[in-house]
Amino acid sequence: MLAHEAILDAALEVFATAGYDAMSVRELTRRLGVSHNLVHHYFRSKAELWRACIDYSFGTVTTEVARALQDAPPQGDVMQQLHDAFVLFITLTARYPANGLIIAREGALGGPRLDYIFDRHVARVTPLWSALFARAQSEERVRRDVDARTIFFLLTDGGAGPYTSHALATRLGGPDPYRPEVIRAHAKVVADVLIRGISSD
């Protein structure tokens, strides 16, 4: 029997590329080569499958980022902690590129699905990001004209670009963006550039 996680991985890709309304559970089962009843054995509806996908992918990212931010020592170098958080976020985005496509679509449309993503996942991390960023500002380590929302979009819409726009990244040339060493190098460059750009030094 096909693993529960394999169904979620495949469904995530379809939700990301086709969008919620166009996503067909029947097409998903055809791609997986399984019976329609197998997916319904785990998920009673498309809405339930979508929520399970979001909790699986966004949940993993938010849990790992939240843990890293919570574990950061309060007396540590705040700029290094921001740098490390940026690297972690980009690395996790490479693991779940569908997240970027889903949040971009739902973020543009608004509505109950965006509410679900935001309330259940994004809102778990934003206070921790904001607290770390506020600490950097209180220590006068970052520019006063930069805010946490700007950084969020630079990371999600900018730094995550090679994973949410993989076909374009491939056409632009360079090494395969999904090679582990390339992911690490890209994440570090993005973090380096962001830290230099927001630093007050």
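Heavy-atom basis, side chains included; hydrogens, waters and symmetry copies ignored. Numbers here simply count residues along the sequence, with the first being 1. All values derive from a computational prediction rather than experimental measurement.
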Checklist line | Test ring-ring contact (aromatic ring centres under 6.0 Å, His included) applied to Phe118 - qualifying residues, sequence neighbours left out | finding: none

Notebook entry, point to check: Counting only N and O atoms by type, is there a donor-acceptor contact under 3.5 Å from the side chain of Thr63 to the main-chain atoms of Thr60?
Noted result: no

Notebook entry, point to check: Is the backbone N or O of Asn99 less than 3.5 Å from a side-chain atom of Ser57, with the two atoms forming a donor-acceptor pair by type?
Noted result: no

Next item on the list: Answer whether the closest heavy-atom distance between the side chains of Tyr42 and Leu8 falls below 4.5 Å.
Entry: no

Margin query: Side-chain heavy atoms nearer than 4.5 Å, only ILVMFWY residues, links allowed to pass through others: does that put Leu92 and Ile117 together?
Written below: yes

Item checked: Test log, rule side chain to side chain contact (heavy atoms under 4.5 Å, CB included), inputs Asp176 and Arg179 -> CA-CA 6 Å; Asp176 178 359; Arg179 280 171 36 201; 4.0 Å; yes

Next item on the list: With sequence neighbours excluded, give me every ring pair (Phe, Tyr, Trp, His ring centres under 6.0 Å) pair touching residues 176-201.
Entry: Tyr163-Tyr178, Tyr163-His186, His166-Tyr178

Checklist line | Side-chain (Arg144) to main-chain (Gln137) donor-acceptor, under 3.5 angstrom | finding: yes

Checklist line | Those residues that, when tested against His40, pass side-chain hydrogen bond (donor to acceptor under 3.5 Å, both in side chains) (two or more places apart) | finding: His36

Margin query: Checking one residue: Leu172. Which other hydrophobic residues are in its cluster under the side-chain 4.5 Å linking rule?
Written below: Leu168

Check: Any ion pair linking Arg67 and Glu64 (charged N to carboxylate O, less than 4.0 Å)?
Finding: no

Next item on the list: Kindly write out the residues that satisfy side-chain hydrogen bond (donor to acceptor under 3.5 Å, both in side chains) with Thr150, not counting sequence neighbours, or none if the list is empty.
Entry: Asp147

Next item on the list: Please check if Phe153 and Leu82 belong to a single hydrophobic cluster, counting links between Ile, Leu, Val, Met, Phe, Trp and Tyr side chain heavy atoms closer than 4.5 Å.
Entry: no

Pairs under 3.5 angstrom only: tabulate donor-acceptor contacts from the side chains of residues 125-136 to other protein residues two or more places apart or in another chain.
residue : atom : partner : partner atom : Å
Thr126  : OG1  : Val122  : O            : 3.4
Ser130  : OG   : Thr126  : O            : 2.9
Arg135  : NE   : Pro74   : O            : 3.4
Arg135  : NE   : Glu139  : OE2          : 3.0
Arg135  : NH1  : Gln81   : OE1          : 3.0
Arg135  : NH2  : Pro74   : O            : 3.2
Arg135  : NH2  : Gly76   : O            : 2.3

Check: Does Arg105 reach the main-chain N or O of Ala16 with its side chain, forming a donor-acceptor pair under 3.5 Å?
Finding: yes

Next item on the list: Kindly give the heavy-atom pair with the smallest separation between Ala160 and Thr93, and that separation in Å.
Entry: CB-CG2, 3.3 Å

Next item on the list: Return the minimal non-hydrogen interatomic distance between Tyr56 and Glu5, and the atom names on each side.
Entry: OH-CG, 3.2 Å

Note to self: Leu109 vs Leu114, test: side chain to side chain contact (heavy atoms under 4.5 Å, CB included). Steps then yes/no.
What the structure shows: CA-CA 8 Å; Leu109 295 173; Leu114 176 62; over 6 Å; no

Next item on the list: Identify the two heavy atoms, one from His4 and one from Phe43, that lie closest to each other, and give their separation to 0.1 Å.
Entry: NE2-CZ, 3.4 Å

Check: Of Asp84, Thr91, Ile90, which is the lone residue that meets side chain to side chain contact (heavy atoms under 4.5 Å, CB included) with Val87?
Finding: Thr91

Notebook entry, point to check: Within a strict 4.5 Å, meaning less than it, do heavy atoms of the Phe89 and Thr156 side chains meet?
Noted result: yes

Check: In chain order, what residues pass the side-chain hydrogen bond (donor to acceptor under 3.5 Å, both in side chains) check against Arg196, with sequence neighbours excluded?
Finding: none

Next item on the list: Quick one: do Phe152 and Asp157 satisfy side chain to side chain contact (heavy atoms under 4.5 Å, CB included)? Show the steps, please.
Entry: CA-CA 8 Å; Phe152 175 86; Asp157 293 1; over 6 Å; no

Next item on the list: Determine yes or no for a side-chain-to-main-chain donor-acceptor pair under 3.5 angstrom, with Lys188 supplying the side chain and Ile183 the backbone.
Entry: no

Check: Is the side chain of Thr29 donor-acceptor paired with the backbone N or O of Arg26 at a distance under 3.5 Å, no angle test?
Finding: yes

Next item on the list: Answer whether the closest heavy-atom distance between the side chains of Ile7 and Leu32 falls below 4.5 Å.
Entry: yes

Check: Is the closest side-chain heavy-atom distance between Glu13 and Arg31 below 4.5 Å?
Finding: yes

Check: Going from CE on Met23 to CG on Leu49, what distance comes out if it is rounded to the nearest 0.5 angstrom?
Finding: 5.0 Å

Notebook entry, point to check: Under 3.5 Å, is there a donor-acceptor pair between the side chain of Thr164 and the main chain of Pro97?
Noted result: no

Note to self: When you group the ILVMFWY residues by side-chain heavy-atom contacts below 4.5 Å and let the links chain together, are Leu101 and Leu12 in the same group?
What the structure shows: no

Check: Can you list every salt bridge (Lys or Arg N to Asp or Glu O under 4.0 Å) pair that touches residues 115-124, not counting sequence neighbours?
Finding: Asp55-Arg120

Next item on the list: Could you check Asp77 against Arg141 for side chain to side chain contact (heavy atoms under 4.5 Å, CB included), going step by step and ending with a plain yes or no?
Entry: CA-CA 10 Å; Asp77 182 345; Arg141 300 290 304 279; 3.4 Å; yes

Next item on the list: Answer yes or no: are there more than 12 heavy-atom neighbours, outside Glu140 itself, under 6.0 Å from its atom CD?
Entry: no

Next item on the list: Quick one: closest heavy-atom pair of Pro177 and Val182, and the distance?
Entry: CA-CG1, 3.8 Å

Notebook entry, point to check: What distance do Ile102 atom CD1 and Glu106 atom CD have between them, rounded to the nearest 0.5 Å?
Noted result: 8.0 Å

Check: Remaining members of Val189's ILVMFWY cluster at a side-chain heavy-atom cut-off under 4.5 Å?
Finding: Val193

Checklist line | ring-ring contact (aromatic ring centres under 6.0 Å, His included) partners for Phe58, two or more places apart | finding: none

Check: Cluster question for you: counting only ILVMFWY and a side-chain heavy-atom cut-off of under 4.5 Å, with indirect links fine, are Met79 and Val65 together?
Finding: yes

Notebook entry, point to check: Any idea which heavy atoms bring Arg30 and Glu27 closest together, and the distance?
Noted result: NH2-OE2, 2.6 Å

Item checked: Ala68: side-chain contact (heavy atoms from CB on, under 4.5 Å) partners, not counting sequence neighbours -> Leu88

Next item on the list: List in chain and number order the residues that pass side-chain hydrogen bond (donor to acceptor under 3.5 Å, both in side chains) with Arg143, two or more places apart in sequence or in another chain; answer none if no residue qualifies.
Entry: Asp145

Notebook entry, point to check: Tyr20 and Lys46: which non-hydrogen atoms are nearest, and at how many Å?
Noted result: O-NZ, 2.8 Å

